[in-house]
**Q** 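Got a structure for you, written out below as structure tokens; questions coming shortly.
One-based numbering along the sequence shown. The analysis underlying the following values was restricted to heavy atoms, covering all of them including side chains, and did not include hydrogens, waters or symmetry mates. Everything quoted here is computed from the prediction, not taken from an experiment.
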Amino acid sequence: MLVLILGLLIFLGVHSVRIFADGWRASTIARIGEKPWKGLYTLVSLIGFGLIVWGYSLARQQPVVLWQPPVMMKHLNSLFTLAAFILLAAAYVPRNQIKARLHHPMVLAVKLWAFGHLLATAKLADVVLFGAFLLWAILDFRAARQRDRALGTVYAAGTVGGTLIAVVVGVVAWAAFAFWLHAAWIGVAPLGRTL
């Protein structure tokens, strides 16, 4: 569990710089340059992510079950995850109405993913992992909206075509992950079967 917690502290810590120290971030980028900052940010993120994966796999070897969630929660989680994949696609597909309306769909995707997994899983490692990501997403979304207001950020209007592309890409990615990749990479078939 300590490796998982260390990984979360490193990964979410580096991703929290804009939440808690945006001024320091800006001055550091001005001092060392954008490319070195991004390189250091990426390196620290990868280290944290690797520790999260390793720590979570270690914790799963000796699971601590906290409660037994109803089967319905697994189905609800599938719906939350589907919406999260659509939001994630909307973060990258240009000129879609989802991003135009919500402004930060990737952070909202993390919120839905983490919340859905908290409902559907009941082991201590799950609560630590998904709870940490949910807390981070809540704080990050709030900070991002405050920055938008302070800077007067205006988001481009979305189009129906861009929105449809985001939805289709999200649904296809969700289906591939739910029916095959989740079982292949994580060892759990969320819908009870694989392709």
Side-chain angles (χ1 to χ4, degrees), residues 1 3-30 32 34-53 55-56 76-77 79-121 125-156 158 162-163 166-167 169-170 173-174 177 186:
M1 189 65 73
V3 176
L4 173 60
I5 292 170
L6 178 61
L8 287 166
L9 288 172
I10 293 170
F11 184 83
L12 295 177
V14 76
H15 283 81
S16 298
V17 171
R18 291 206 78 183
I19 299 171
F20 299 109
D22 201 26
W24 174 81
R25 175 186 173 272
S27 65
T28 303
I29 291 172
I32 68 171
E34 189 171 351
K35 286 185 180 180
W37 169 264
K38 285 183 176 179
L40 186 60
Y41 184 93
T42 301
L43 177 64
V44 174
S45 295
L46 288 172
I47 291 168
F49 184 74
L51 289 171
I52 289 170
V53 171
Y56 188 69
L76 191 57
N77 181 36
L79 289 176
F80 279 130
T81 307
L82 171 59
F85 269 92
I86 293 169
L87 288 169
L88 185 61
Y92 293 100
V93 173
R95 298 186 60 84
N96 68 78
Q97 295 166 332
I98 299 168
K99 186 169 185 175
R101 177 88 170 112
L102 301 177
H103 303 170
H104 301 281
M106 181 184 288
V107 180
L108 291 173
V110 173
K111 270 188 188 182
L112 282 177
W113 166 79
F115 182 66
H117 280 72
L118 276 174
L119 293 176
T121 58
D126 300 328
V127 171
V128 170
L129 176 68
F130 302 119
F133 271 95
L134 179 59
L135 177 61
W136 171 83
I138 290 167
L139 295 174
D140 191 60
F141 187 74
R142 190 178 116 222
R145 294 301 293 255
Q146 288 172 343
R147 275 194 310 275
D148 285 351
R149 283 193 293 275
L151 298 172
T153 304
V154 176
Y155 289 84
T163 306
V167 170
V169 168
W174 170 83
F177 204 76
I186 299 164

**Q** In Å and rounded to the nearest 0.5 Å, what is the CG to OG1 distance from Leu76 to Thr81?
**A** 9.5 Å

**Q** Nearest 0.5 angstrom please: Phe49 CZ to Ile52 CD1, how far?
**A**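 Phe49 atom CZ to Ile52 atom CD1 measures 7.0 Å (nearest 0.5 Å).
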
**Q** From Phe130 CZ over to Trp113 CH2, what is the distance, rounded to the nearest 0.5 angstrom?
**A** 5.0 Å

**Q** List the steps and the verdict of side chain to side chain contact (heavy atoms under 4.5 Å, CB included) for Asp148 and His104.
**A** CA-CA 10 Å; Asp148 285 351; His104 301 281; 2.7 Å; yes

**Q** Is there a side-chain contact between Val169 and Phe85 (heavy atoms, below 4.5 Å)?
**A**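 Of all side-chain heavy-atom pairs linking Phe85 with Val169, none is under 4.5 Å.
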
**Q** What is the minimum heavy-atom distance between Pro105 and Ala90, and which atoms define it?
**A**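 The pair with the smallest heavy-atom distance is CG-C, 4.0 Å.
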
**Q** Looking at Arg25 and Trp37, what are the two nearest heavy atoms and their distance?
**A** CG-CZ2, 3.7 Å

**Q** Heavy atoms, side chains only, cut-off 4.5 Å: are Ile186 and Phe177 in contact?
**A** yes

**Q** Within a strict 4.5 Å, meaning less than it, do heavy atoms of the Ile19 and Asp140 side chains meet?
**A**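 Of all side-chain heavy-atom pairs linking Asp140 with Ile19, at least one is under 4.5 Å.
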
**Q** Let me know which of Ile10, Val14, Leu8, Leu9 forms a side-chain contact (heavy atoms from CB on, under 4.5 Å) with Leu12.
**A** Leu8

**Q** For Ala89 versus Gly170, what's the shortest heavy-atom pair and its separation?
**A**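 Reported closest heavy-atom pair: CB-N, 3.8 Å.
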
**Q** Please assess Arg101 against Tyr155 for the test side chain to side chain contact (heavy atoms under 4.5 Å, CB included), listing each intermediate value before the final yes or no.
**A** CA-CA 8 Å; Arg101 177 88 170 112; Tyr155 289 84; over 6 Å; no

**Q** Do His117 and Leu129 come close enough that some side-chain heavy atom pair is under 4.5 Å?
**A**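 The answer is no, as the side chains (C-beta and beyond) never meet within the 4.5 Å cut-off.
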
**Q** Say whether, by atom type as modelled, one donor and one acceptor occur between the side chain of Trp136 and the main chain of His15 under 3.5 angstrom.
**A**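 The answer is yes, because a donor-acceptor pair under 3.5 Å joins these two groups.
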
**Q** Got a sec: does the CZ of Arg147 have more than 12 other heavy atoms crowding it under 6.0 Å?
**A**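 Yes, enclosed.
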
**Q** For Ala91 versus Lys99, what's the shortest heavy-atom pair and its separation?
**A**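 Result for this residue pair: O-NZ, 3.5 Å.
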
**Q** Can you name the closest pair of heavy atoms from Ala120 and Asn77 and give their distance?
**A** CB-CB, 3.7 Å

**Q** Rounded at 0.5 Å granularity, tell me how far CZ in Arg145 sits from OG1 in Thr153.
**A** 10.5 Å

**Q** Within the 4.5 Å heavy-atom criterion, are Val167 and Ile98 side-chain neighbours or not?
**A** yes

**Q** How long is the span from the CZ atom in Phe133 to the CZ atom in Phe11, to the nearest 0.5 Å?
**A**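 Taking CZ in Phe133 and CZ in Phe11, the distance rounds to 5.0 Å.
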
**Q** Taking all atoms of both residues into account, what is the closest heavy-atom pair of Leu112 and Ala83, and its distance?
**A**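 Heavy atoms of Leu112 and Ala83 come nearest at CD1-CB, 3.7 Å.
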
**Q** Measure the spacing between CG of Leu87 and CG of Asn96 and express it to the nearest 0.5 Å.
**A**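 Here the interatomic distance stands at 9.5 Å.
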
